[in-house]
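Chain letters run A, B, ... following the sequence lines, proteins first and then strands; every chain starts at 1.
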Amino acid sequence: GAVVSQHPSWVICKSGTSVKIECRSLDFQATTMFWYRQFPKQSLMLMATSNEGSKATYEQGVEKDKFLINHASLTLSTLTVTSAHPEDSSFYICSAARTVNNSPLHFGNGTRLTVT
Amino acid sequence: GNSVTQMEGPVTLSEEAFLTINCTYTATGYPSLFWYVQYPGEGLQLLLKATKADDKGSNKGFEATYRKETTSFHLEKGSVQVSDSAVYFCALSYQGGSEKLVFGKGTKLTVNP
């Protein structure tokens, strides 16, 4: 069964509102989680690395004030898309590993965000 | 920079046909290479991996060999089944472990009975 749960699986929101996406590791503790974004017919793009108890590390070109990441516990990381715009519509996927290095990543099922 | 290029899909095959999905990469250093699979309605799952040149990863009848000389990691299966229908992603890890991944665009495979 799934070991990483992502919620919601899909969401539709209006421009200007904020949307929160949750990523939970179900049966293990994950000090590090990763957030990806996937555009149609494009590859998954790493957005940021979420570290429990500290600030997230963002990849180049990703606006940290736009995509707020909170990793408040060892089993939960949240991604908040603030003041969403239609161009933020995308598929967002999180992943987590049991331990650092040489552990396979477990992926959530993804969240389809549509901003109208 | 680091990048992964995999063959464009979609790919449609009949059951028991031979499958090849090409994947080439560009990377500095010695990346680890992965194939992930995403079945309909599910998250990505690790299918197989190889961590150094000439390593062969295998799982569920799928194989891929890490070819440093051709910077390739092509996925193959001798006889596909309907249940293999999914999207396949080639990926590399540029930090030694399996965390920071660079993905290809994915190849959708449909296997017809």
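Distance alone, capped at 3.5 Å, is enough to place a donor-acceptor pair between the Ser89(A) side chain and the Val115(A) backbone. The backbone N or O of Gln6(B) sits nowhere less than 3.5 Å from a side-chain atom of Asn22(B) that would complete a donor-acceptor pair. Judged purely by atom type and a 3.5 angstrom limit, Gln6(A) uses its side chain to pair as donor or acceptor with the backbone of Gly110(A). Side chain of His74(B) to main chain of Cys23(B): a donor-acceptor pair is present (N/O by atom type, distance under 3.5 Å, no hydrogens or angles).
For the residue pair Phe73(B) and Ala50(B), the shortest heavy atom distance occurs at CE1-CB, 3.6 Å. Contact detail for Leu44(B) and Phe107(A): the closest heavy-atom pair is O-CB, 3.5 Å. When all heavy atoms of Pro31(B) and Tyr25(B) are compared, the closest pair comes out as CG-CE1, 4.0 Å.
Hydrophobic clustering, with ILVMFWY side chains joined whenever heavy atoms are under 4.5 angstrom apart, keeps Tyr92(A) apart from Tyr36(A).
Contacts between residues 104-113 of chain B and chain A, counted as heavy-atom pairs separated by less than 4.5 Å, involve Gly104(B), Lys105(B). Taking 4.5 Å as the heavy-atom cut-off, the residues of residues 59-88 of chain A that approach chain B are Glu59(A), ordered by number.
Only the side chain of Thr49(A) has a heavy atom closer than 4.5 Å to any heavy atom of chain B. Contacts of Ile93(A) with chain B are made by side-chain atoms alone, with heavy-atom separations under 4.5 Å and no backbone atom involved. Contacts between Gln38(A) and chain B at a heavy-atom distance below 4.5 Å involve the side chain alone, from C-beta outward.
Electrostatic pairing of Arg24(A) and Glu22(A) counts as a salt bridge here, judged by a charged N lying under 4.0 Å from a carboxylate O. Glu63(B) has no carboxylate O lying under 4.0 Å from a charged side-chain N of Lys77(B), or vice versa, which leaves the two without a salt bridge.
For the pair Ser50(A) and Phe34(A), the minimum side-chain heavy-atom distance is 4.5 Å or more.
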